[in-house]
Amino acid sequence: MRNVADLEQTLGHIDGRGYKAYREIRGAWSFPHFQLHVDHVQGDPFAAPSRLRAIVPAEVTRLPQEECRPGSRAVGVGALLARRFASEARRVARHRGSGKSGSLSMESPGQEVLPQTAVRVDRDGAVEARFTAGLPAAGRRILGRQAAYLLTQDVPAVLGASLLASALNEDTLRKHARVNEDADALRGALGRLGLIAFIADGATLPRRTGVDERPLDAASAVLFRSATSLRVTISLPNAGEVSGMGIPKGVTLIVGGGFHGKSTVLRTLERGVYNHRPGDGRELAVSDPGTVKVRAEDGRSVTGVDISPFISNLPRQKDTWRFSTPNASGSTSQAASIMEALESGARVLLIDEDTAATNFMIRDRRMQALVPKAAEPITPFVDRVRALYDQHGVSSVLVLGGSGDYLDVADTVVAMQEYVPHHVTERARAISAEWPTGRIREATSSFAVPPPRIPLPRSLDPSRGRKQVSVKVRDGRRIDFGSESIDLSTVDQIVSRAQTEAIAAAMVLARQRILDGHTPLPDILQRVMEIVAQEGLDALDHRRRGDLAAFRPFELASALNRIRSLQVAG
Ligand code: ADP
Ligand code: MG
């Protein structure tokens, strides 16, 4: 294999030549302590930067093997290394010519800890790190010496300061491995305990700002403390006995005054499907992996979804058992999102009044009197939520400060008061009995879960112009898929750009390898998840990308469901 001296010589040789000559550095180079692979060379200084990989053997990293066990621990350590590498790279990156010349970067994980492709930690402690570099040029002429400095000085320095045990605090490393392992164990224990979520005593729930996911500073945050009668104790592999609030299966209401912390609790449950980095405050706040946040999204498109359990007899609408619209209303979008979540296998629904359609959630006695049922297409969620659990085992957690009608249908009621939860189910029962709502139940039939839809391959076309596959992620929240643009800004459980990238790649894979016009959507999702589980995220894209992160079937489904060109069989 060519070595560092060869690389320097090659770069000296192509110095001053046209940018295309950078192609000569493609391939593998052996450095004293690692191997550098130049997988892709950018076409010009303004194009997406070049893709590189460093492979560092175990005897160089000296990472303790017990912290690198495949699964939870390796994922936790991988996230730590990626975050370190990314921040070291930011320190040395600088403009060294035109366009992206001199950039050096790695996809950095946020607060959530997900399996990702930026850094992979092997069981023996070897590490593969994937990053990008802007190969330097003046105009379009190669700056060979600058490139040599970037690749032979900066890259080894960044790597040495981020991927080696000697550069990392032993406690920090251990913590990243073990905290992640505990979170997985905790989530795994929920089902046995009849719980859908758990929030540990002492957790920090509020975030710094609406756009900053780091924890609110310790001086301002009120630490979480369970209501006494909801407190459960769970034994974890590393942390030992941990106590906190268990949210039981069934229908749970979170009530309380405005600004008392209701939405913050729900947001914690929403994010609790993922693990969090040490120091986040939500390390031991987890929810059932089948938990799906549902909200109203007027304007979204809906394709062939049976929303008839909630909505029927729409004015001038055909059937609502195959409801399609390019422009849903608040209530129809929320109904569609619930039915889609059930189709994808959701076990828990989360709804916050802040982002729900009021007429979908409630219809009180007076409105029932004023607008007769015959003139109202909507059967409100309050009349369906019980059947969802009783007949299908699908739990709901609802944040509702404004409607007492739900007290009649709840199994558990938690009241937030100055950020502290209180268990008020008994009182809620007494109030229900004392002040009947007088409502007439609007749903008498059982809740029939419709058969799954079958997406048609031709309606999902990633090509554009002469390009067979033209798929691009914009702003982390939008996928340009062929000539379609999919808006995911309202999908609250997509937490990183890398996740969106992986979902986009999964859509292409699903289209190319799975969709055949006969396979129902849930089977498509399952097949994709199996491929990722067996072959890793690299199965989604063979270009050895470092910018992919794990996702759930629900988020993949939400992207598929929002393609405006989507068509389903029948
Ligand atoms: P609600 O939904 O009940 O109106 P929110 O959950 O939106 O209330 O919280 C209101 C404000 O209080 C937010 O700015 C939030 O960050 C903050 N907050 C929530 N929980 C806590 C807490 N435990 N400690 C300190 N501030 C909190
Ligand atoms: Mg709120």
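Counting convention: from 1, in listed order, for ligands and their atoms alike. What you see below is based on every heavy atom in this structure, not just the backbone, and it leaves out hydrogens, waters and symmetry mates.
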Point to revise | Distance filter under 4.0 Å to A221 heavy atoms, resulting ligand 1 atoms | key: 24 (N), 25 (C)

Check your understanding: Within the structure, does R207 bring an N/O atom to less than 3.5 angstrom of an N/O atom in ligand 1?
Key -> no

Review point. How about F551 and Y274: are their ring centres within less than 6.0 Å of each other?
Key: no

Point to revise | Nearest neighbour in protein (non-hydrogen) for atom 8 (O) of ligand 1 | key: G261 N, 3.1 Å

Check your understanding: Can an N, O or S atom be found in S263 less than 2.8 Å away from the Mg ion (ligand 2)?
Key -> yes

Check your understanding: Is the number of heavy atoms from other residues, nucleotides or ligands under 6.0 Å of R91 CZ greater than 12?
Key -> no

Practice item. Run the contact test for M416 against ligand 1 with a 4.0 Å cut-off on heavy atoms, strictly below, and give the result. Key: no

Review point. Would you find more than 12 non-hydrogen atoms of other residues, nucleotides or ligands less than 6.0 Å from R208 atom CZ?
Key: yes

Revision key, fill the gap. Nearest non-hydrogen contact to atom 23 (N) of ligand 1 from the set D354, T264, V222, L216 belongs to V222

Study note, to complete from the structure: One finds that the ligand 1 atoms under 4.0 Å from a non-hydrogen atom of G257 are 3 (O)

Review point. Can you name the nearest heavy-atom pair linking A549 to L114, along with the distance?
Key: CB-CD1, 4.0 Å

Practice item. Mark up the atoms of ligand 1 that fall under 4.0 Å of a heavy atom belonging to G258, in ascending order. Key: 4 (O)

Review point. Of the protein's non-hydrogen atoms, which lies at the shortest distance from atom 12 (O) of ligand 1, and what is that distance?
Key: Y419 OH, 3.2 Å

Study note, to complete from the structure: Short version for F259: what comes under 4.0 Å of ligand 1, heavy atoms counted, is both

Practice item. Search all heavy atoms of D487 against all heavy atoms of R562 and return the closest pair with its distance. Key: O-CD, 3.6 Å

Check your understanding: Would you say D354 reaches the Mg ion (ligand 2) with an N/O/S atom under 2.8 Å?
Key -> yes

Point to revise | Numbered atoms of ligand 1 (with element) below 4.0 Å of S263, judged on heavy atoms | key: 1 (P), 2 (O), 6 (O), 7 (O)

Point to revise | Neighbour count above 12 (heavy atom, 6.0 Å) for R384 CZ | key: yes

Practice item. Report, as yes or no, whether the 6.0 Å neighbourhood of atom NZ on K472 holds more than 12 heavy atoms from other residues, nucleotides or ligands. Key: no

Point to revise | Side-chain donor/acceptor of D201 to backbone N/O of S226, under 3.5 Å | key: yes

Review point. With a 3.5 Å cut-off and no angle check, do the side chains of T437 and D405 form a donor-acceptor pair?
Key: no

Check your understanding: Tell me: protein heavy atom nearest atom 16 (O) of ligand 1, and distance?
Key -> P206 CB, 3.9 Å

